[in-house]
Number of protein chains: 2
Amino acid sequence: MKNIKLDATDRKILELLQKNSNITNAQLAKEIGLSPAPTLERVNKLENAGVIKSYHAVIDPASVGLGVSTFVMVSLKGHNKDNINKFNKAIHDIEEIVECHHITGAGDFVLKIVCSDIAAYQQLMLDKVSNIDVVDGLQSMVILSTFKDSKVLPLPNN
Amino acid sequence: MKNIKLDATDRKILELLQKNSNITNAQLAKEIGLSPAPTLERVNKLENAGVIKSYHAVIDPASVGLGVSTFVMVSLKGHNKDNINKFNKAIHDIEEIVECHHITGAGDFVLKIVCSDIAAYQQLMLDKVSNIDVVDGLQSMVILSTFKDSKVLPLPNN
DNA sequence: ATCTTTAACCAAATTATATTTGGCTACAAA
DNA sequence: TTTGTAGCCAAATATAATTTGGTTAAAGAT
């Protein structure tokens, strides 16, 4: 991934595509004040440089029967490279675990988990997560509601 | 938002669009085994029903100078509706706070925060977050690395 | 100072893709 | 049995992406 210098126009493009990636190139061009050709050129450059990583649809969990989301703090039995790798491998194939971050502070990892209901969640935790042998402790926080979930990062001006 | 019944084809569409929303309708049609016309019809139906909420580009934080991401556990001074509303309002305009979830367990809220560096993070926390008058305690967890960040929810089969 | 190169841009042509149309089939309700 | 409806397809059309060729302006070289 190259190191690319972004100008104000690039940042505007990034902001707009984070907000809504289904905007047409023509509309995007209009909003940033350029014609379609150089607009597309800039978008391609941002993609090739790895600044834009990917494009995704976001679906409403409830409408597909996913009623429970949680954050889980995980502590490992010994916070060493080997155990971290084992843990990483173990969680990778559990599709209900949609995020896994290695953190400083109280625990070692924080997971985000999504599943149908509390029963399914309990089963997942008992059968799969707490069974991972390097896992020491787990602390679940059930999401009651989400007040903010912005897909737009706060781009610095330089 | 209507209650829509999803069949296996709809779920396949949702999976593919979550994975990569820039796929062409023709390619999507091919992968689900239908022609473009009914494929598009299904996508439109999913959008109109609110199952597909939005489309977004994902950018690489590091490549735009965003080097620090954290989770923050927040406790409020009294967990009542009024204070929750005040908190909600206060965090809404802080663009570095990209997520805010109301949770059960140890704290009252968990935030996800993204900013340039530790100095900027400290300033943000001191100047803006800890200043919110309903905030009682804060506990930061800095993300060292992210092992998994799937944009694809685990769709139940019915 | 003047040349040369390069990057960024535009308008317009072309290519690719989305979208609409009309009609067919199969299943379900009347 | 009939009638309506949902879901599908192929093909026509409309829209959008992409390419092309050429212009301008700024930076570095002579």
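Since the model is a prediction, treat every value here as computed from it, not as a measurement. Below, read A as the first sequence line, B as the second, and so on, with proteins coming before strands; counting in each chain starts at 1.
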Set of residues satisfying side-chain contact (heavy atoms from CB on, under 4.5 Å) with respect to Pro61(B), sequence neighbours excluded: Leu153(A), Leu66(B)

Global bending angle along the helix from dA1(C)-dT30(D) to dA30(C)-dT1(D), which compares the axes of five pairs at either end, to 10 degrees: 30°

Length of the NZ-P vector between Lys30(A) and dA11(C), whole Å: 14 Å

Nucleotide dA7(C), atom C1' - distance to CD1 of Ile4(A) in whole Å: 13 Å

Interatomic distance, Asn22(A) CG vs dA18(C) C1' [rounded to whole Å]: 12 Å

Sugar-phosphate, base or nothing in reach of Ser35(B), heavy atoms under 4.0 Å: base

Candidates dT20(C), dA17(D), dG7(D) - which lies nearest the side chain of Ala26(A): dA17(D)

Any donor-acceptor N/O pair, Asp10(B) side chain to Asp7(B) backbone, under 3.5 Å: yes

Within 6.0 angstrom of Glu31(A) CD, more than 12 heavy atoms from elsewhere: yes

Check: Phe147(B) ring centre within less than 6.0 Å of Phe87(A) ring centre: no

Short N-O contact, Glu15(A) and Lys19(A), less than 4.0 angstrom: yes

Minimum-distance nucleotide to Glu41(A) side chain [options: dA10(D), dC9(C), dA16(D)]: dC9(C)

Options dC9(D), dT19(C), dA16(D), nucleotide nearest the side-chain atoms of Leu40(B): dT19(C)

Nearest-Å distance for atom pair CZ/C1', residues Arg42(A) and dA17(D): 18 Å

Whole-Å distance separating the CG atom of Asn44(A) from the C1' atom of dC9(C): 16 Å

Sidechain-backbone polar pair: Asn83(A) side chain, Lys77(A) backbone, donor-acceptor under 3.5 Å: yes

Which residues share a side-chain contact (heavy atoms from CB on, under 4.5 Å) with Lys128(B), sequence neighbours left out: Ile94(B), Leu124(B)

Closest listed nucleotide, where the reference is the side chain of Asn25(A) and the choices are dC8(D), dT18(D), dC9(C): dT18(D)

Given dA18(C), dG7(D), dC9(D), the nucleotide with the shortest approach to the side chain of Ala37(B): dC9(D)

Length of the CG-C1' vector between Leu34(A) and dA11(C), whole Å: 14 Å

Length of the CD-P vector between Gln27(A) and dT15(D), whole Å: 15 Å

Distance test, side-chain N/O of Lys45(A) to OP1/OP2 of dA7(C), below 4.0 Å: no

Separation of atom CD1 in Ile13(A) from atom C1' in dA8(C), rounded to whole Å: 12 Å

